[in-house]
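For reference, the structure discussed in these notes is given below.
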Amino acid sequence: MSALNPPIRPEYEIAVAALPERAAARPLPWRTRLWQQPGLRRGLILVLLALAWEVLARWQANDLLLPTFLQTARALGEGLASGELVEKARISLLVLLQGYLAGVLAAFVLTALAVSSQVGRDLLATLTAMFNPLPAIALLPLALLWFGLGRGSLVFVLVHSVLWPLALNTYAGFQGVPETLRMAGRNYGLRGLRYVLQILVPAALPAIVSGLKIGWAFAWRTLIAAELVFGASSGKGGLGWYIFQNRNELFTDRVFAGLALVIVIGLAVEGVVFQTLERVTVRRWGMQR
Amino acid sequence: MSALNPPIRPEYEIAVAALPERAAARPLPWRTRLWQQPGLRRGLILVLLALAWEVLARWQANDLLLPTFLQTARALGEGLASGELVEKARISLLVLLQGYLAGVLAAFVLTALAVSSQVGRDLLATLTAMFNPLPAIALLPLALLWFGLGRGSLVFVLVHSVLWPLALNTYAGFQGVPETLRMAGRNYGLRGLRYVLQILVPAALPAIVSGLKIGWAFAWRTLIAAELVFGASSGKGGLGWYIFQNRNELFTDRVFAGLALVIVIGLAVEGVVFQTLERVTVRRWGMQR
Amino acid sequence: MPSRGAETVATVTPLHPPREAAPLLEVDGVSLEYRTPDRLVRATHQVSFEVHRAERFVLLGASGCGKSTLLKAIGGFLSPVEGEIRLDGRPVRGPGPDRLVVFQEFDQLPPWKTVRDNVAFPLVASGTAARREARERAAHWLDKVGLARFADAYPHQLSGGMKQRVAIARALAMQPRVLLMDEPFAALDALTRRRMQEELLALWDEVRFTLVFVTHGIEEALVVGSRIGVLSPHPGRMRAEINSHEFGLASEGAAFQAAIRRVHGLLFDQAIEPVPADAARRTA
Amino acid sequence: MPSRGAETVATVTPLHPPREAAPLLEVDGVSLEYRTPDRLVRATHQVSFEVHRAERFVLLGASGCGKSTLLKAIGGFLSPVEGEIRLDGRPVRGPGPDRLVVFQEFDQLPPWKTVRDNVAFPLVASGTAARREARERAAHWLDKVGLARFADAYPHQLSGGMKQRVAIARALAMQPRVLLMDEPFAALDALTRRRMQEELLALWDEVRFTLVFVTHGIEEALVVGSRIGVLSPHPGRMRAEINSHEFGLASEGAAFQAAIRRVHGLLFDQAIEPVPADAARRTA
Amino acid sequence: EGRISIAQQFGIGYLILDVVQDQKLIEKHGRAQGLDIQVEWSQISGATAMNEALLAGSLDVVSAGVPPMLTLWDRTRGRQNVKAVAALGSLPNYLITNNPKVRTLKDLGEKDRIAVPAAGTGFQSRTLQIETARVFGRDDFKRFDTISVSLPHPEATAALVAGGSEINTHFSSAPFYYQALENPRVHKVLSSYDILGGPATFNVLYTTQKFHDENPKTYKAFYAALLEAAQVIRADRQKAADVFIRVQKSRLSRELVRRIIEDPENDFTASPHRTFVYADELHKLGVLKNRAGSWKDYFFEEAHAQPGS
Ligand SMILES: Nc1ncnc2c1ncn2[C@@H]1O[C@H](COP(=O)(O)OP(=O)(O)OP(=O)(O)O)[C@@H](O)[C@H]1O
Ligand SMILES: Nc1ncnc2c1ncn2[C@@H]1O[C@H](COP(=O)(O)OP(=O)(O)OP(=O)(O)O)[C@@H](O)[C@H]1O
Ligand SMILES: [Mg+2]
Ligand SMILES: [Mg+2]
């Protein structure tokens, strides 16, 4: 390749004038704007899923195993209107929240130990590897022994289902905090709990939030499964019990209505709690897109 | 404060000689070195836990609910010696691996969709929020309908237990990949699957590994619960089946032996697979401490 | 040093075929904005300039005036809210290996690749070279930036300046049509910086790539660039374009000093913000 | 410029009480190493120097010679494998707000705090100031570094140079006993850099903190420092210590130029690696 | 003394307990003895959870099928000494199928799948094992375990009625077999009554020696309440049906519930019938280690006054 020399061009200097008035932001076409509403897009997905369910169920034509979407919706509507489902959901949510919060607290303590000492680290790794794979039924006898039949045992198995995944995620998040940021925090004289709370937790927030989401979901799973076994003492069963009872009476549409309520609550919590949390934290801080 | 002026000191220049032979690394005191063996420390924790178990069980003195560590160890030894437990574990592990791998694959597809399009993102968020809280029992009728009683249904519920948490974690990991790194990858001309595999996956590996750990544990939980239902068809039950049978017959020591085997496998997988994975990847790369 | 000296460039006459006369890169009235939750930040306002084939175009401007943003837009990572960026007459649509960027940040090296693989990877990924050849080219360029001994280290084991040198080696090994460099030498000591400048210019002499280079050193701008674009403080607008093809690595004399002063004047004759009023009061 | 000029410092006689004569910071035969899976990297080898109260000690050295590592060791983030670092005669055990560090990396700002909070946070965290006062001081120093308009922005919305300026504001607001700065002005344009130097020296004039400063600019070293330590290339060893208290922001003349040349010589008279043999062959 | 917590499972087989609860009979008989008894009712699914709750002391009295009770009795002998309090009635369980080829047990082949609540160990499985041992010989009593599937009654019923799944046979209890048999494709193969030789107890109540000994008055009131409830049901089956629907908040149709309660096959009595068949056979099959001399060995003395077997 022969040596290529660029042309020599005239120079220029201009005085930069005061910045003119900002041109008005061009409005986006309405379809684009509409499409930018996450609620709308997700609503559409939900509608499509409901449609697919309806079609599938009608095609299977086996409403003892799989009722149609409309049947379920009707059962859900009735249950909500009569207040029964509302009450059951209230009972379940109360226990769920207790167990969830206790689990979150326990996970926090465990990871705080893990970041502050070698023994804590080993403890976390060992306990998680040991207990995380154990199904809740394995802990049931022990729960009965220690907490009796009732809320105590439910909270215990809920903690078991929230604690380990959240601790794993939180700790992985802590370990991924950039060295410079750690040094900056320690440089301010932060140590111990303040260091964890003011540096590690915010820096690891994306991992913690996804741990919280997973923990939330698994708390639901566990609660519903546990309520089937523990059932209702003194007539106060939650959603799991509702599902169990209706299953026993072969009201499959009500079973699915109960499950649908779980889904609806899940979507609401995701949409309201977690999305807001992400928006005002990690997304605002540029830690996640 | 009066102006403080530092003293003026003499200058110097020295010719830097060739670097002298490196002083031999000072050996650490043997106790420190011993303590640096993670195996040893964790072994100690396990011994302490076993001891605590033994004491607790003896104190409760209710071996139909909580057998002692020694009873369990004896039952485990017998089960292993007779080959029964080995066979059961083999059966379970086979199914587990199938379901796990299928779940990992599904999670990968879902997150790959999510990073490549807005609809994929919404799909992931919606599906996860909807299905993650659903207990496996809810899917049981559907699994029966679609996959029958055999391995298919087990794999289905395993996928359900692995897919969502892993997808959540992977996606959160993807979203946390620093902008500069993304730009570097796109700058190389990477796009689509290659971009995901060669940039996003390694960059998000800490989150993915903790998702894999959680998925692994939940797969175990689910498998054991599911084997109660599906396990024994055609007489080939796995560990879950073993636990269920012995539980029904109140051979609690064997129940605990089965659970102990789950724990042992869990510890082995953590120690061998995941720790190695972390050592040769994220830790080696300085992405985790 | 190589044959390229002040005279060589100075004696160039527009002998090129007509095709060459069209600029390779056109930045045409480009405004760039960042959308934050609270407000719209305008990074550059209606910036226009042209870069011809084999030109070494340097962007100078105050901190925060939008140089990096402009470079990212040319790289295809950002699209203008106004105006257009064209390469070879066609609007830039997205990033590609024909416009390799050396970013300003230290975290541009994938931490999961060794230094050698970091240099070789884009060659392989973009299909520029086969694996073997890529590794050879990587070794060659690592040697040039003085990091041959660190070929097997991972990025987190390097100092700030060493990381930047890896990024430079990676870019030079690729020999892209357009090379976009964002303060590549800022973290380097004087000697290493000088050596890097030499390497960059030697490579230019050889393959005549087109360079867009951001720096804060006026001297460096004159030495490295053949033409210098001066941006006003935030939000960046074009202030001036001047030629600097006469100056090379050996430049020192009065003309060079005059050019430095001239650019300095262009850059700073209007202060960004007046020095706070209380600055004078504060003395011990 | 403020009262501190070359004369002021030059006429200083050792009038200080005996306590003052003892150095504040002693780096005594310090070797620093990194342990990687494959090998041990020695970053500095038996480095010794002393920094007295209110001295402005500048570390100069080639890229990768261990300057940042040394600074981190003084900050208490790393412990020497050999030798000792003493502050006020007591060995340094760990990090603390009395030795505030401005790191070389851009990611030293907690991304979850606004620019203002980033500056105010260490004041509150270390108990130096109450929340209200901290915010006022933060506002003051953000104004000084020209970022008053960005007080409510988050770090990811800033340019590289702006991030570094936030880190500088944060350090200056803290007014620590010992200020450790690692190439703080590398990402700044000439004017901003000069303004930062002025602010740093004005603050020094006022509160007479002790400064350890890493830079690649020889000129900057002479201007900012009262004493300069020169390190050999990797692994870093002490090469020389020279006085530069005579030079200030206004320095320009022949003595200044001579000092620059002298330091240049000290730094580079033995090249790190010889220029590769094939460099000469490669010309178009 | 003065407190009792009782757990039942779902189903019409627990009607006696529903009546006790509805009519507050324990409280009534307690007051007769000058004792104010606090009764706590729980619902728990599955014999295993029942057993564990009883052993953990979370519950005083639990209820399940005869074989799980015998297993617990066998395991706790010499320790907690769990024994039965009373039977909850004689109700048959039907082996039903939608496979037209299956007319007897011998027709079940490799491809068939039998749904039972707890494969291998529950009431239905044990009953089936006893029959298998008789038809195919003692050594082969686990023959059908390999094609058994643990599936709760509802899912099994749904699978059978809907068809199309591998599960084509179900050892079912009331009310599920009533619902299933409404479908013309489903037919009965065998009744537990055929296997055991006549009406036989389905579920029993059981508790620990400790509770029995430490709470004699409460225990007596409880036992008396059971007897009275059985009488109430026998006296007015229609009312009993209403009680069931009320207590269980059941949505089953009233007709179905009445049909079941009025079915002469179903005898709601506290007296045990043919429980010893299980104790004897399961011991012979090696499931139970202890041999019971008679049904009285595993029932508390209070029950001995009633006729039983
Ligand atoms: N985390 C680490 N692990 C291993 N080696 C490291 C690590 N950090 C730095 N090093 C090595 O230590 C040496 C000194 O690094 P350091 O960052 O102190 O250099 P520096 O003088 O600050 O260079 P620069 O001017 O480029 O910032 C380098 O050779 C580098 O490779
Ligand atoms: N992600 C972002 N979000 C919002 N604003 C941003 C973002 N990145 C940069 N900006 C703003 O855009 C303007 C230009 O930034 P840019 O990084 O291009 O400056 P620069 O000229 O490269 O400065 P420097 O020399 O300091 O690197 C700055 O005012 C900055 O605040
Ligand atoms: Mg920039
Ligand atoms: Mg450095």
Side-chain angles (χ1 to χ4, degrees), chain A residues 35 38 41-42 45-46 49 60 62 65-66 118-119 122-123 125-126 128-138 141-142 144-145 164-165 168-169 171-172 175-176 206-207 209-210 213-214 216-218 220-222 224-225 228 243 252 259 262-263 265-267 269-271 282 287-289, chain B residues 35 38 41-42 45-46 49 60 62 65-66 118-119 122-123 125-126 128-138 141-142 144-145 164-165 168-169 171-172 175-176 206-207 209-210 213-214 216-218 220-222 224-225 243 252 255 259 262-263 265-267 269-271 282 287-289:
Chain A
W35 191 240
R41 290 194 314 266
R42 296 191 182 174
I45 289 178
L46 289 181
L49 282 176
Q60 294 269 4
N62 192 341
L65 278 181
L66 178 63
Q118 182 64 57
V119 177
D122 290 317
L123 204 65
T126 314
T128 312
M130 283 174 72
F131 292 121
N132 203 10
L134 289 188
I137 56 132
L142 295 184
L144 282 175
L145 207 58
W164 310 117
L168 262 176
N169 250 22
Y171 186 60
Q175 284 191 302
V209 169
S210 93
K213 285 188 195 173
I214 294 173
W216 170 257
F218 277 95
W220 261 120
R221 288 193 190 193
T222 308
I224 289 180
L228 301 192
I243 291 169
T252 318
L259 294 171
V262 174
I263 289 184
I265 295 174
L267 283 173
V269 168
E270 158 75 20
V282 287
M287 289 164 76
Q288 274 193 341
R289 305 214 301 165
Chain B
W35 191 241
R41 291 194 313 265
R42 296 190 182 175
I45 289 178
L46 289 181
L49 282 177
Q60 293 271 3
N62 192 343
L65 273 186
L66 178 62
Q118 181 65 55
V119 176
D122 290 316
L123 204 65
T126 312
T128 313
M130 282 173 72
F131 292 120
N132 203 10
L134 288 189
I137 56 129
L142 294 184
L144 271 179
L145 211 57
W164 310 116
L168 264 176
N169 251 22
Y171 187 59
Q175 285 191 301
V209 169
S210 94
K213 284 188 194 175
I214 293 173
W216 171 256
F218 279 116
W220 262 119
R221 288 193 188 192
T222 307
I224 290 181
I243 292 169
T252 319
V255 173
L259 293 172
V262 173
I263 289 184
I265 294 174
L267 284 173
V269 168
E270 158 75 20
V282 286
M287 289 164 75
Q288 273 194 340
R289 305 215 300 166

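Computed from heavy atoms alone, side chains included, the values below leave out hydrogens, waters and symmetry copies. So you know, we letter chains A, B, ... as the sequences are listed, proteins then strands, and number each from 1. Just so you know, these numbers come straight off a predicted model, no measurement behind them.
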Side chain, backbone, both or neither: which part of B/V209 has a heavy atom under 4.5 Å from chain A?
-> neither

Check whether A/L144 gets within reach of chain B through its side chain, its backbone, both or neither, counting any heavy atom under 4.5 Å.
-> neither

Work out which heavy atom in B/I224 is nearest to a heavy atom in A/P135; give both atom names and the distance.
-> CG2-CG, 3.6 Å

To the nearest 0.5 Å, how far apart are CD in B/E270 and CG in A/N132?
-> 10.0 Å

Gap between atom OG1 of B/T126 and atom CZ of A/R41 - 0.5 Å precision = 9.0 Å

Engaged part of A/L134 at the chain B interface, taking heavy atoms whose separation is under 4.5 Å = both

Give, as side chain, backbone, both or neither, the part of A/V282 having an atom under 4.5 angstrom from any heavy atom of chain B.
-> neither

Which value, rounded to the nearest 0.5 Å, describes the distance between B/D122 atom CG and A/I45 atom CD1?
-> 4.5 Å

Chain B shares the most heavy-atom pairs under 4.5 Å, among A/V269, A/L123, A/T222, with A/L123

Among B/L267, B/N62, B/V262, B/N169, which residue forms the greatest number of heavy-atom pairs with chain A at distances under 4.5 Å?
-> B/N169

Contacting moiety of A/M130, where chain B heavy atoms sit under 4.5 Å | both

Calculate, to the nearest 0.5 Å, the distance between atoms CZ and CZ belonging to A/R221 and B/F218 respectively.
-> 7.5 Å

Under a 4.5 Å heavy-atom cut-off, does chain B meet the side chain of A/L49, its backbone, both or neither?
-> side chain

Using a cut-off of under 4.5 Å for heavy-atom pairs, which of B/P206, B/G176, B/P133 has the most such pairs with chain A?
-> B/P133

Non-hydrogen atoms of chain B under 4.5 Å away: do they reach the side chain of A/W164, the backbone, both or neither?
-> side chain

